[in-house]
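Heads up: the structure comes next, in structure tokens.
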Amino acid sequence: MTLQFAAPGTAAAKMADEPLAVLFDRDDTLIADVPYNGDPDAVEPVPGAREELQHLRRAGLKIGVVTNQSGVARGYITTAQMRAVNRRVDELLGPFDTWQVCPHEPADFCSCRKPLPGLVLAAACELGIAPQRCLVVGDIGSDMEAAAAAGAHGILVPTPVTLLHEIEAAPEVAGTLAEAVRRVLAQVRQ
Ligand SMILES: [Mg+2]
Ligand SMILES: [Zn+2]
């Protein structure tokens, strides 16, 4: 066993044990956000996303997607359109070990819509990994809140539209997806 000393303020310092899975928000984390997108041809990965996910797979980590898609409940897109978009994400960035999608809107009072923990818990359950050993990477506060509520660790990768208070409240902030992945890999024992 290798002992590692983590720098204060990093995910490594905060997690009790090395991570086994990384769960990604979809829109504005893995792909450019096109609000309520139902068109697979409009899927545009964040630059470098494919390579960064590949780094995680090579390190033996499971990877998943946890995404709110309230456009379904709101009637802006059909379930079939949402699935077609997710299939395109899979083609471009997959395979993912788990996909967890909340199709509800707030008025549905479901238990899966982030910031509630349902998607993160379902992903951890499907992977057979404790939520405490899952990292959640997302671009807004509700991604971080869902992680915390599930007992997972969050890393925020802000976009220009991420609110300042969400950045201040985040347990950890990375400038880019690549930096988030570097931080994750730094705490995986080789
Ligand atoms: Mg997002
Ligand atoms: Zn839901």
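Whatever order the structure lists ligands and atoms in, that order sets their numbers, starting from 1. Computed from a prediction, not measured in an experiment: that's the story for all the values here.
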Exercise for the section: Angle at the Zn ion (ligand 2): provide the value between ND1 of His104 and SG of Cys102, rounding to 10 degrees. Expected result: 110°
Problem - Opening angle at the Zn ion (ligand 2) [SG, Cys112; SG, Cys110; to 10 degrees] - result: 110°
Strictly under 2.8 Å, is the Mg ion (ligand 1) approached by any N, O or S atom of [X]?
{"X": "Asp139", "value": "yes"}
{"X": "Asp25", "value": "yes"}
{"X": "Asp27", "value": "yes"}

Exercise for the section: Please check if the side chain of Asp39 supplies one atom and the backbone of Asp41 the other of a donor-acceptor pair under 3.5 Å. Expected result: yes
Practice task
Please confirm whether the backbone N or O of Leu92 pairs with a side-chain atom of Arg50, one donor and one acceptor, at under 3.5 Å?
Solution key: yes
Handout entry: Single-linkage hydrophobic cluster Val65~Val184, side-chain heavy atoms < 4.5 angstrom
Key =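 As far as the 4.5 Å side-chain criterion goes, Val184 and Val65 are connected within one cluster.
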Problem - Within one Ile-Leu-Val-Met-Phe-Trp-Tyr cluster: Leu135 and Val188, side-chain cutoff 4.5 Å - result: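 Leu135 and Val188: one cluster.
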Problem - Distance-only donor-acceptor check, side chains Gln81 and Asn37, under 3.5 Å - result: no
